[in-house]
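These notes are about the structure you will find just below.
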There are 2 protein chains.
Amino acid sequence: MSIRVKKGASRSVNDPTAKGKGPPAAGESGTISRTEAVQDALRQAIIEQRLQPGAKLPEDAIGDAFGTSRTIAREALGRLAVEGLVELKPNRGAFVANPTLDEGRDVFVVRRGLERIVTECLSGKLKPDEIAVLREHVAREHEVSGHNEVESIRLAGEFHLLLARLTGNHVLVRYVTEVVSRCSLILAMYGRPHSSDCGVSEHGEIVDALIAGKGARAVELMDHHLEAVASRALLQQKTERDIRDVLAPYAARIKGLDA
Amino acid sequence: MSIRVKKGASRSVNDPTAKGKGPPAAGESGTISRTEAVQDALRQAIIEQRLQPGAKLPEDAIGDAFGTSRTIAREALGRLAVEGLVELKPNRGAFVANPTLDEGRDVFVVRRGLERIVTECLSGKLKPDEIAVLREHVAREHEVSGHNEVESIRLAGEFHLLLARLTGNHVLVRYVTEVVSRCSLILAMYGRPHSSDCGVSEHGEIVDALIAGKGARAVELMDHHLEAVASRALLQQKTERDIRDVLAPYAARIKGLDA
DNA sequence: GCTTCATAAATCGCATGCACTTGATGCATG
DNA sequence: CATGCATCAAGTGCATGCGATTTATGAAGC
């Protein structure tokens, strides 16, 4: 799980070797700060489970990996902690969040509430070009459904973000983005392996209801949809991650030795 | 001409002169990081309008005011920017947010959605001691209503935070906290001067409905309540003061940190 | 006198250094 | 053989320094 990186390969955000010292020009790049870049990269890595829950995230290693100083890494970690994807232990460091089932339920409760707002905001107010975008997205979801699970999951999340963005409400977008991220992590931890594509047709139905301006129906569909996703994820008990349980079979094997 | 500090006066969070260099002991204080302390103080100052919308927030001045380095100030500002209370202009600095009416509306939309969740979570599930706390809070609101406007506003916000905390849902608490802060700022900017105490009786009614387990009624009341709060929109402007002077009392408040 | 360019001041963005905390390791002891 | 204590290394928490960017100021030109 080491974050080590081969030198020169991932010199992405900043390469001080070029000038030996000078800070880089911040003006030309797309206004996106380095902190944000690192934050986004880490978030992606976390929700894709490339960084597993509980994994340590040392500032040094992260700065190293992205070619920045600890300052940037530290800031990114701090913000991810606010988002709930990272846990910060004082004087000990940062770790990938390891949400409990209860926390997961909390996140889903909030998500349902937020997406309810989204649905209400959008019902009957979608413009033709927006409808086209939505339809196309759902179509793509159908395409990959079944044979590309990773992409399928990504698109499913993207669908909800897309809706949020269409409201034009930036606050809403931010919160939905956050809960969707956290839900991804939770699903990855607790969800059943092959349950991702259940919701594709539901997405289509929601879009239909929104277009038809049937707000109540749309809300109902959305709520049911998320309820389904949540229960799929949270019903089953977590696959045991505790060291002792993992090692139990090995221990048993050894026990035979000293018997 | 600006960085100068009266020696010994605002040495609050950290005093490096004691040892000539060493960082302070972070271990003993109440687990609350300095960043958070500064962040909370700034937030309070902003929603109380001691720092007016649009006011510049230079890292140096803030670090100065709280007796910390720019590092801490910078981090606090960054987080407040995420919260939406501060606007960060690249290479220019931080400013107290100056939300437009449209942004204000967005915040209120989200707030209504979030508080709807709170209400639904709580209806019929309040325990006796929780009910007592709520009743007492509403009583206090009635007490100050009319003669202490600042406290009145504070208590009104606190009522909603209290409800959120009673859900036990930490995600919800965080989001409600954020939107309540932002709403405070927005009301302070656009709200009519003497409109704060309109909602006191409504708070009582909401509590009653929650206790009676009338979820739908409670949601309706809450929604109407927030709708009323949101719909008060007016304009006013104020004067500017020196950052350090405004922040001095807040810095004094967190002096306990370096004890 | 007003515009334009050059210089200076203020302040940000970021890297780095140093003290301190924390958990680990090894050793002595009951 | 388990327990307590000293030593150590890893890595955080924070302040500070340096270049870069932006804004303010003033001089020269039209």
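Letters A, B, ... are given to chains in the order of the sequence lines, protein chains preceding strands, and every chain is numbered from 1.
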Taking only side-chain nitrogens and oxygens of A:R92, does any of them come within less than 4.0 Å of OP1 or OP2 of D:dG11? no

So, A:H137 and A:E158: side-chain donor and acceptor under 3.5 Å apart, yes or no? no

Side-chain donor or acceptor of A:E75 paired with backbone N/O of A:I72 under 3.5 Å: no

Quick note, A:S69 side chain, CB onward, closest among D:dT12, C:dA15, C:dG13 is C:dA15

Sidechain N-carboxylate O distance under 4.0 Å for B:E178, B:R174: yes

Between P on C:dG23 and CG on A:N91, what's the gap in Å once rounded to a whole number? 9 Å

Base of D:dG11 paired with side chain of A:R74 (donor-acceptor, under 3.5 Å): no

A:F66 has an atom CZ; how far is it from atom C1' of C:dA15, in whole Å? 17 Å

Separation of atom CG in A:D64 from atom P in D:dT12, rounded to whole Å: 12 Å

Between B:G93 and A:T71, who's closer to the 5' end of DNA chain C by nearest nucleotide? B:G93

Please give, in whole Å, the distance from D:dG13 P to A:L88 CG? 7 Å

What integer distance in Å separates A:K89:NZ from D:dG13:P? 13 Å

Side-chain-base donor-acceptor pair under 3.5 Å for A:R70 and C:dG17: yes

Short side-chain N/O contact from B:K56 to OP1 or OP2 of C:dC12, under 4.0 Å: yes

Rounded to the nearest Å, what distance is computed from the CD atom of residue A:E59 to the C1' atom of nucleotide C:dC14? 14 Å

If I take atom CD in residue A:E75 and atom P in nucleotide C:dA15, what distance separates them, rounded to the nearest angstrom? 12 Å

Heavy atoms only: give me the nearest A:I186-A:G104 pair and the separation to one decimal. CD1-CA, 3.5 Å

Minimum-distance nucleotide to A:P58 side chain [options: D:dT12, C:dA15, D:dA15]: D:dT12

Report yes if some heavy atom in the side chain of A:R111 is under 4.5 Å from a heavy atom in the side chain of A:V229; otherwise report no. no

